[in-house]
Amino acid sequence: MNITHPPSVPFNDLGRAHADLRDAFDEAWTDLINKAGFIGGDPVERFERKWASYCQTRHCIGVSDGTAALELALLELGVRPGDEVIVPANTFIATVEAVDAIGAVTVFADVDPDTLLLSAETFEEAITSRTTAVIPVHLHGRICPMDTINDVARRHSLIVVEDAAQAHGAQLRGLKAGSQSHAGCFSFYPGKNLGAFGDAGAIVTNDTLLADRIRSRVNHGRPANGSAQCLRLGGNHRLDALQAAILEIKLPHLDHWNASRRGIVQRYRETLDNSIAIFPNAPENSIGAAHVAAVLVPDRDRVRRRLSEARIATGIHYPIPCHRQPACAHLKTRALPVVEHAADRLLSLPLFPQMTRVETNAVIDRLSAVLSTTDPRQSEWQP
Ligand SMILES: *Cc1c(COP(=O)(O)O)cnc(C)c1O
């Protein structure tokens, strides 16, 4: 027996988050079966109210998933086929799919080298006479500088939709992610900071007319007054009652889970050699949601292999930037040097709220050892 043998470290472990909440989940599930209220009803209305309040917005509309949230927000805000929508190229492909789904055209923007987020500068560079909207993506849980982005958008009369799928609870100057634009879009995919037991999403907004339009489109065009007359055609993009019930149980834990995530990332930052493991910075006056512990390292694929040999799981968000995806080959694109630089070097370390000190130390020890033997061609890999 060797008690000093380092543990294997998973990338994420949802089981640990759920263990303590098992009784509440069982009770909610039993209640749902007893009432047979699987679509809409109290669980959905209650979660929508609580999520709007958490995000400091007037309205929340629960939807089927985060991709639908983005698509519906763009559509109901009036983005039309052929319009150009600016998207940072280092996002999950879903942001681009939402633009494509309504017939609009994605125009890729580069990102700030310090934060790896869309900035007012990289956004403004991508504006043309056909631009009607922009989607700032709060990547890895760092919130974009919404104040300066909104200034540029106002000057050009553009729609702003936040992709907050990785930023539940992140704040800029005390304002929550999702509340600082025409509409904020969330995913509750199981692995997100607030995750359901399947697919789920939400749109938050302060615009009452927009909220009504989205609400009716989500539910077959039905009017809010319950009338049987369909004045418009919608679709089915509803949030399940089961998912709403699960999310309501998990919501009170979001803030302390996020604090724990931030603590782990902080330890990574403080302990790893910051001349060789470079963590992107968060914009000033912001508190991130620490969704992913992404760090720039040289010779990334070798580092990743060595960690895997030590049974430490890692990820890459994202290995192929959207503008390099074969599916986006038809989209014209400018040079995006920062996105490309980051795509070759980003490594995501294990991160989940219940991660133990022993596990965090195992990651730090192993990664430090690997980085100390990394070929020093480092000067040109830094942004
Ligand atoms: C997860 C995610 C989405 C899509 O959400 P789904 O619920 O999986 O459809 C969109 N954008 C970003 C940045 C994401 O991380």
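Side-chain contact between L367 and I312 is absent, with no heavy atoms from C-beta onward closer than 4.5 Å. Between T57 and T205, every side-chain heavy-atom pair lies at or beyond the 4.5 Å cut-off. Within the 4.5 Å cutoff, the side chain of V218 has heavy atoms near those of the L72 side chain. Here the side chains of S308 and T314 are not in contact, with every heavy-atom distance at 4.5 Å or above. Side-chain atoms of P88 and L139, non-hydrogen and from C-beta on, never get closer than 4.5 Å to each other. In this structure, the side chains of V161 and V134 stay at 4.5 Å or more apart for every pair of heavy atoms. When side chains are defined from C-beta on, V99 does not count as touching I102, because their heavy atoms never get closer than 4.5 Å.
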- Message: Run the side chain to side chain contact (heavy atoms under 4.5 Å, CB included) test on D147 and R173 for me, step by step, so that the C-alpha distance in whole Å, both residues' side-chain angles and the decisive distance to 0.1 Å come before the verdict.
- Response: CA-CA 10 Å; D147 33 13; R173 295 177 210 287; 2.8 Å; yes

- Under the side chain to side chain contact (heavy atoms under 4.5 Å, CB included) rule, what do R300 and I316 come out as? Steps first, then yes or no, please. CA-CA 10 Å; R300 188 258 322 270; I316 302 179; 3.4 Å; yes

- Dump the intermediate steps for side-chain hydrogen bond (donor to acceptor under 3.5 Å, both in side chains) on E71 and H237, then the final yes or no. CA-CA 11 Å; E71 182 184 329; H237 309 282; 5.5 Å; no

- Tell me, with the steps shown, if S216 and R232 meet side-chain hydrogen bond (donor to acceptor under 3.5 Å, both in side chains). CA-CA 9 Å; S216 104; R232 62 200 295 254; 2.8 Å; yes

- When you look at V297 and I276, which way does the side chain to side chain contact (heavy atoms under 4.5 Å, CB included) test go after all the steps? CA-CA 6 Å; V297 295; I276 187 163; over 6 Å; no

- Task: Verify side-chain hydrogen bond (donor to acceptor under 3.5 Å, both in side chains) between H220 and R222, making sure each step is shown before the conclusion.
- Result: CA-CA 5 Å; H220 301 294; R222 286 185 184 129; 5.5 Å; no

- Dump the intermediate steps for side chain to side chain contact (heavy atoms under 4.5 Å, CB included) on R302 and T373, then the final yes or no. CA-CA 11 Å; R302 172 182 167 274; T373 63; 2.8 Å; yes

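Aromatic ring centroids of F188 and H168 lie under 6.0 Å apart. Remark: aromatic rings of W51 and F186 are close, center separation under 6.0 Å. Between F92 and Y189, the gap from one ring centroid to the other reaches at least 6.0 Å. For F197 and F25, the gap between ring centers is short of 6.0 Å.
Closest heavy-atom contact between I249 and A28: CD1-CB, 3.8 Å.
In terms of the side-chain hydrogen bond (donor to acceptor under 3.5 Å, both in side chains) criterion, N285 has no residue partners (sequence neighbours excluded). With sequence neighbours excluded, no residue forms a salt bridge (charged side-chain N to carboxylate O under 4.0 Å, His left out) with R334. When the salt bridge (charged side-chain N to carboxylate O under 4.0 Å, His left out) test is applied to E48, the partners found at least two apart in sequence or on another chain are R215. For R311, there are no salt bridge (charged side-chain N to carboxylate O under 4.0 Å, His left out) partners at least two apart in sequence or on another chain. R130 pairs by the salt bridge (charged side-chain N to carboxylate O under 4.0 Å, His left out) definition with E84, not counting sequence neighbours. Under the side chain to side chain contact (heavy atoms under 4.5 Å, CB included) criterion, H156 pairs with E124, I127, V152, L158, not counting sequence neighbours. When the side-chain hydrogen bond (donor to acceptor under 3.5 Å, both in side chains) test is applied to R16, the partners found at least two apart in sequence or on another chain are D13, E359.
Within a 6.0 Å sphere centred on CD of Q325, other residues, nucleotides and ligands contribute more than 12 heavy atoms. In E284, the CD atom is not crowded: 12 or fewer heavy atoms of neighbouring residues, nucleotides or ligands sit closer than 6.0 Å.
V363 and V295 fall within the same hydrophobic cluster, defined by Ile, Leu, Val, Met, Phe, Trp and Tyr side-chain heavy atoms under 4.5 Å apart, directly or through other members. Tracing side-chain contacts under 4.5 Å through hydrophobic residues (I, L, V, M, F, W, Y), one never reaches Y318 starting from F11; they form parts of separate clusters. No continuous path of hydrophobic side-chain contacts links I203 to L194 [ILVMFWY only; heavy atoms under 4.5 Å]. In this structure, L347 is a member of the same hydrophobic cluster as L351, with clusters built from ILVMFWY side-chain heavy atoms closer than 4.5 Å. V111 and L331 end up in the same hydrophobic cluster when Ile, Leu, Val, Met, Phe, Trp and Tyr side chains are linked at under 4.5 Å.
Applying the salt bridge (charged side-chain N to carboxylate O under 4.0 Å, His left out) rule to pairs touching residues 255-281 yields nothing, sequence neighbours excluded. Applying the side-chain hydrogen bond (donor to acceptor under 3.5 Å, both in side chains) definition to pairs two or more places apart or across chains, those involving residues 190-199 are N193-N258, N193-H291. Pairs of residues two or more places apart, or lying in two chains, never qualify as salt bridge (charged side-chain N to carboxylate O under 4.0 Å, His left out) while including a residue from residues 98-119.
A side-chain donor-acceptor contact under 3.5 Å links N219 and R238. At a cut-off of 3.5 Å, with distance as the only test, a side-chain donor of T95 or D163 sits close to an acceptor on the other residue. Remark: the R58 side chain and the S179 side chain contain no N/O donor-acceptor pair separated by less than 3.5 Å. Side-chain N/O atoms of H138 and E162 include a donor and acceptor closer than 3.5 Å.
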Donor-acceptor pairs are to be reported for all side-chain atoms of residues 29-42 against protein atoms at under 3.5 Å, with residues two or more places apart or in another chain.
| residue | atom | partner | partner atom | Å |
| --- | --- | --- | --- | --- |
| T30 | OG1 | D26 | O | 2.8 |
| D31 | OD1 | K35 | NZ | 3.3 |
| D31 | OD2 | K35 | NZ | 3.1 |
| N34 | ND2 | T30 | O | 3.4 |

Report all side-chain donor-acceptor pairs from residues 59-70 shorter than 3.5 Å, counting only partners two or more places apart or in another chain.
| residue | atom | partner | partner atom | Å |
| --- | --- | --- | --- | --- |
| H59 | NE2 | T208 | OG1 | 2.9 |
| D65 | OD1 | T67 | N | 3.1 |
| D65 | OD1 | A68 | N | 2.8 |

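Taking the charged nitrogens against the carboxylate oxygens, D83 and R80 have no contact shorter than 4.0 Å, which rules out a salt bridge.
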